[in-house]
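Data first, discussion second: the structure below is written as structure tokens.
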Amino acid sequence: MKLAVSTFKGQNNAFAPRLINTEQAQKATNCIVRNGNLMPRKGNSNVTPAPTIANNAKTIFLYQGTHWFSWPVDVDVVDSPIAEDEYDRAYYTGDGVPRYTNSSIATGAGVQPFANNTLGLDYPDAFSASVTYHDQSNDLNGQDPNDFESEPESGYLNLETDDDETRFYVCTYVTDFGEESAPSVVSQELNIFCEDDSVTLTFSDTGGFGTQKISRRRIYRSATSGDVTQFFLVDELPVSTDTYTDTKSVYELGAELETEEYAKPPENMSGLIATSNGVVIGFVGNTVVPSEPYLPYAYPLAYRQTLQDKVVAMAEMSSGVVIATEDKPVIMQGTLPDSFTMTVIDAALPCVSKRSMVDMGEAAIYASHEGLVSISQSGAQLITKDLLSEEYWQSLDPSTVQGYRYNEYYVGFYGGTAGFVFDLRRGDFFELDFYADAGYFDSASGVLYLMVDDALTKFDEGEALSYEWTSKQFNINTITLSCMKVFAPSLLSTNVALYVDGEQLSSFPLTGADPFVRLPPFRGSRLHLEISGSDEIESIALATSPGELNG
């Protein structure tokens with residue numbers, strides 16, 4: 001009779017060691033499985049030349065493919081949603097108030113980003129407005145002045161009442177980047193009686209805008225079309241200009257004001273993500289805060305939606321945005337933020353670690369109390385349910401889990417000590433014997449960068465690690481095993497230890513191709529193998545006689 005492991009898989013401790021499948025392991029560390037063969041995972045290779053990274057970095061971000069941003073705190077960073085943004089802006093939350101940087105200030109000596117600006121724009125201060133009336137008596141052209149009434153407000157005759165107009169004014173700020181603020185408060189009512197009347201506006205806010213990069217002011221005035229009154233552009237001028245006189249006719253007005261609903265992001269907004277339709281989204285407490293599409297400085301109040309539970313993390317997936325909360329997850333769907341809809345998934349799967357949330361493309365994955373949760377178009381699934389016991393998962397301290405995408409793998413680290421890899425395609429779970437403080441997956445190159453021992457490294461691109469793979473427990477009550485064979489092209493550094501009823505029977509250092517081993521006599525109820533090393537192994541077999549090994 002023969003016992004054989006002909007293919008290898010990852011770890012399963014959700015069931016007793018005697019009940020897991022033959023190809024599964026009680027424990028699998030630093031391994032990968034390809035084509036059924038057991039292989040060592042590669043270690044990390046240092047990035048050279050080493051960039052300057054913040055001390056004790058908890059967040060790293062590759063900016064424009066060449067520069068490394070880093071922070072000693074948990075920060076959420078997104079590239080500009082504007083295609084081919086000429087300013088190469090990047091936006092982030094978690095380091096004080098929401099901020100952004102751009103190519104002219106982001107890079108420099110030392111830790112980057114070198115400098116930043118506060119995200120969002122204040123609206124202009126109130127301003128004064130007054131009318132200078134034209135003396136219409138100069139335009140009588142022989143007409144009897146007694147035929148016309150005088151306007152008490154202007155003090156002049158009113159020759160043509162059809163020209164009377166009631167106006168209001170507002171103004172907005174405009175930045176060096178072309179961003180336009182919400183409008184000021186509306187001016188007082190101004191009555192115009194003649195086309196030659198003019199309005200003079202006086203501004204007090206002509207400087208002192210900090211890092212908001214405000215350089216211009218746009219002036220709008222009201223005009224009526226049909227039954228609708230809107231504000232239309234009168235002029236744009238340097239923000240340092242303190243007065244402006246409007247002499248334009250209604251036919252000279254420009255575009256309609258579009259920023260009435262714009263607002264700054266909340267100062268304590270966090271969790272920033274950017275969606276494929278150009279909307280940047282953050283959250284505060286249990287409120288989701290979307291931006292105007294492709295305008296990540298403007299967050300209209302009307303777009304904000306409040307959930308029943310506090311938001312912990314967000315990530316986009318193929319069919320919407322996953323919002324993980326302290327209780328039930330939510331899927332937010334829609335093209336534009338004014339039509340976003342919220343669907344609460346009826347599953348008590350709270351997110352226990354914000355940093356565990358990862359966008360995996362078709363799904364978003366995060367850590368819950370019970371294991372890794374996958375949220376996709378088909379709903380919520382506890383994807384480690386049949387692999388990891390509750391006791392084991394709790395031993396990882398799930399509240400400390402931070403996760404990263406690595407192609408089709410979810411790579412996690414926990415507790416400041418170790419990590420794991422979950423293969424989404426095959427459903428395999430493997431442990432890692434090292435810890436990373438921060439990480440960044442560059443989807444363009446397929447490289448996962450990690451901060452390991454304060455050094456920036458590339459995951460899975462170094463020398464082969466030493467792995468450990470522990471088999472299931474085989475029932476040997478009715479078997480007398482006498483020999484073992486490991487099938488491999490060539491072994492250079494492999495050891496196989498045999499355990500009977502929990503006690504080590506023997507340990508065999510193996511070298512060469514397909515090595516054969518005679519086992520010492522033994523009796524027992526259960527046997528398991530512990531394979532360690534850094535060689536690729538195809539299969540392993542134990543038999544009652546040598547002739548059975550090649551069967």
Side-chain angles (χ1 to χ4, degrees), residues 80-82 85-87 89 91 98 100 102 104 117-132 165-192 195 197-225 228-265 278 280 291-303 338:
S80 173
I82 302 170
D85 182 358
E86 62 178 305
Y87 304 108
R89 284 167 287 190
Y91 301 83
Y100 74 98
N102 62 77
S104 66
N117 297 319
T118 302
L119 182 59
L121 296 175
D122 294 320
Y123 56 82
D125 293 346
F127 54 92
S128 63
S130 61
V131 182
T132 300
E165 178 188 357
T166 298
R167 287 185 193 171
F168 299 91
Y169 285 82
V170 296
C171 65
T172 63
Y173 290 142
V174 181
T175 70
D176 293 338
F177 306 111
E179 301 161 333
E180 186 174 9
S181 74
S184 64
V185 297
V186 180
S187 71
Q188 76 270 27
E189 179 181 303
L190 301 168
N191 293 310
I192 307 299
E195 63 180 11
D197 291 347
S198 63
V199 175
T200 298
L201 309 178
T202 302
F203 309 103
S204 59
D205 52 339
T206 57
F209 303 111
T211 63
Q212 294 190 45
K213 312 302 288 183
I214 293 168
S215 58
R216 289 166 287 161
R217 188 190 312 271
R218 287 179 184 161
I219 299 169
Y220 295 83
R221 85 178 193 218
S222 60
T224 300
S225 176
V228 179
T229 299
Q230 302 289 348
F231 284 95
F232 295 90
L233 180 65
V234 177
D235 212 341
E236 181 176 289
L237 57 148
V239 74
S240 58
T241 302
D242 59 3
T243 60
Y244 178 82
T245 299
D246 176 20
T247 59
K248 292 186 175 181
S249 71
V250 68
Y251 305 106
E252 296 176 278
L253 298 180
E256 183 180 335
L257 174 67
E258 297 182 346
T259 64
E260 292 100 326
E261 303 298 324
Y262 288 10
K264 294 172 64 176
V280 173
S291 77
E292 279 285 346
Y294 302 102
L295 297 177
Y297 73 93
Y299 296 79
L301 298 178
Y303 294 168
D338 61 355

* Using the side-chain contact (heavy atoms from CB on, under 4.5 Å) rule, take Val250 and Phe232 through it: C-alpha gap first, then chi angles, then the decisive distance, then the call. => CA-CA 9 Å; Val250 68; Phe232 295 90; over 6 Å; no
(message) Is there a side chain to side chain donor-acceptor pair (under 3.5 Å) between Glu261 and Tyr303? Walk through the geometry before answering.
(response) CA-CA 10 Å; Glu261 303 298 324; Tyr303 294 168; over 6 Å; no
Item checked: Full working for side-chain contact (heavy atoms from CB on, under 4.5 Å) between Gln230 and Tyr220 -> CA-CA 9 Å; Gln230 302 289 348; Tyr220 295 83; over 6 Å; no
Subject >> Stepwise side chain to side chain donor-acceptor pair (under 3.5 Å) test for Ser240 and Thr206 >> reply: CA-CA 4 Å; Ser240 58; Thr206 57; over 6 Å; no
Please walk me through it: do Ser184 and Phe127 pass side-chain contact (heavy atoms from CB on, under 4.5 Å)? CA-CA 9 Å; Ser184 64; Phe127 54 92; 3.3 Å; yes
Could you check Asp197 against Val199 for side-chain contact (heavy atoms from CB on, under 4.5 Å), going step by step and ending with a plain yes or no? CA-CA 7 Å; Asp197 291 347; Val199 175; over 6 Å; no
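For Phe231 and Tyr169, the gap between ring centers reaches or exceeds 6.0 Å.
Side-chain contact between Glu252 and Val234: absent, with no pair of heavy atoms (C-beta onward) separated by less than 4.5 Å. Side-chain contact between Thr247 and Thr245 is present, with heavy atoms from C-beta onward closer than 4.5 Å. Within the 4.5 Å cutoff, no side-chain heavy atoms of Glu258 are placed close to those of Glu292.
Shown here for Glu189 and Thr166, the closest heavy-atom pair between the two residues is CG-CG2, 3.4 Å. Closest approach of Thr241 to Phe203, counting heavy atoms only: O-CD1, 3.8 Å. Nearest heavy-atom pair across Ser187 and Phe168 is O-CD2, 3.5 Å. Thr259 and Pro183 make their closest contact through O-CD, 3.4 Å (heavy atoms, listed as atom of the first residue, atom of the second, distance). Closest non-hydrogen pair, Gly278 versus Ser291, comes out as O-OG, 4.4 Å. Of all heavy-atom pairs between Asn102 and Tyr87, the closest is CB-O, 3.2 Å.
For the atom pair Asp242 CG and Thr202 OG1, the distance stands at 7.0 Å (nearest 0.5 Å). The structure places CD of Glu179 at 10.5 Å from OH of Tyr262, a figure rounded to the nearest 0.5 Å. Remark: Leu201 CG to Ser130 OG distance equals 8.0 Å, nearest 0.5 Å. We find the CG-SG distance between Asp235 and Cys171 to be 12.5 Å, quoted to the nearest 0.5 Å. Between the OH atom in Tyr173 and the OG atom in Ser215 there is a gap of 12.0 Å [rounded to 0.5 Å]. Taking CG of Leu253 as the reference point, atom CD1 of Ile219 lies at 12.0 Å (rounded to 0.5 Å).
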Enumerate, atom names and distances included, each donor-acceptor pair closer than 3.5 Å involving a side-chain atom of residues 118-126, sequence neighbours excluded.
{"residue": "Thr118", "atom": "OG1", "partner": "Thr211", "partner atom": "OG1", "Å": "3.3"}
{"residue": "Asp122", "atom": "OD1", "partner": "Lys264", "partner atom": "NZ", "Å": "3.0"}
{"residue": "Asp122", "atom": "OD2", "partner": "Gln212", "partner atom": "NE2", "Å": "2.6"}

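Within a 6.0 Å sphere centred on CD of Gln188, heavy atoms belonging to other residues, nucleotides or ligands number more than 12. Open room surrounds NZ on Lys213; 12 or fewer heavy atoms of other groups in view lie less than 6.0 Å from it.
Under 4.0 Å is where a charged nitrogen must lie from a carboxylate oxygen, and between Arg218 and Glu180 at least one such pair does. Comment: Asp205 engages Arg217 in a salt bridge, judged by a side-chain N to carboxylate O separation of less than 4.0 angstrom.
Panel note: side chain Ser80, backbone Arg89; no donor-acceptor pair is recorded below 3.5 Å. Counting only distance, with no hydrogens or angles, the side chain of Tyr251 and the backbone of Lys248 share no donor-acceptor pair below 3.5 Å. Under the 3.5 Å distance criterion, the side-chain polar atoms of Arg216 are matched with a main-chain donor or acceptor of Thr175.
Aromatic ring orientation, Tyr100 versus Phe177: perpendicular (interplanar angle above 60°, classes split at 30° and 60°).
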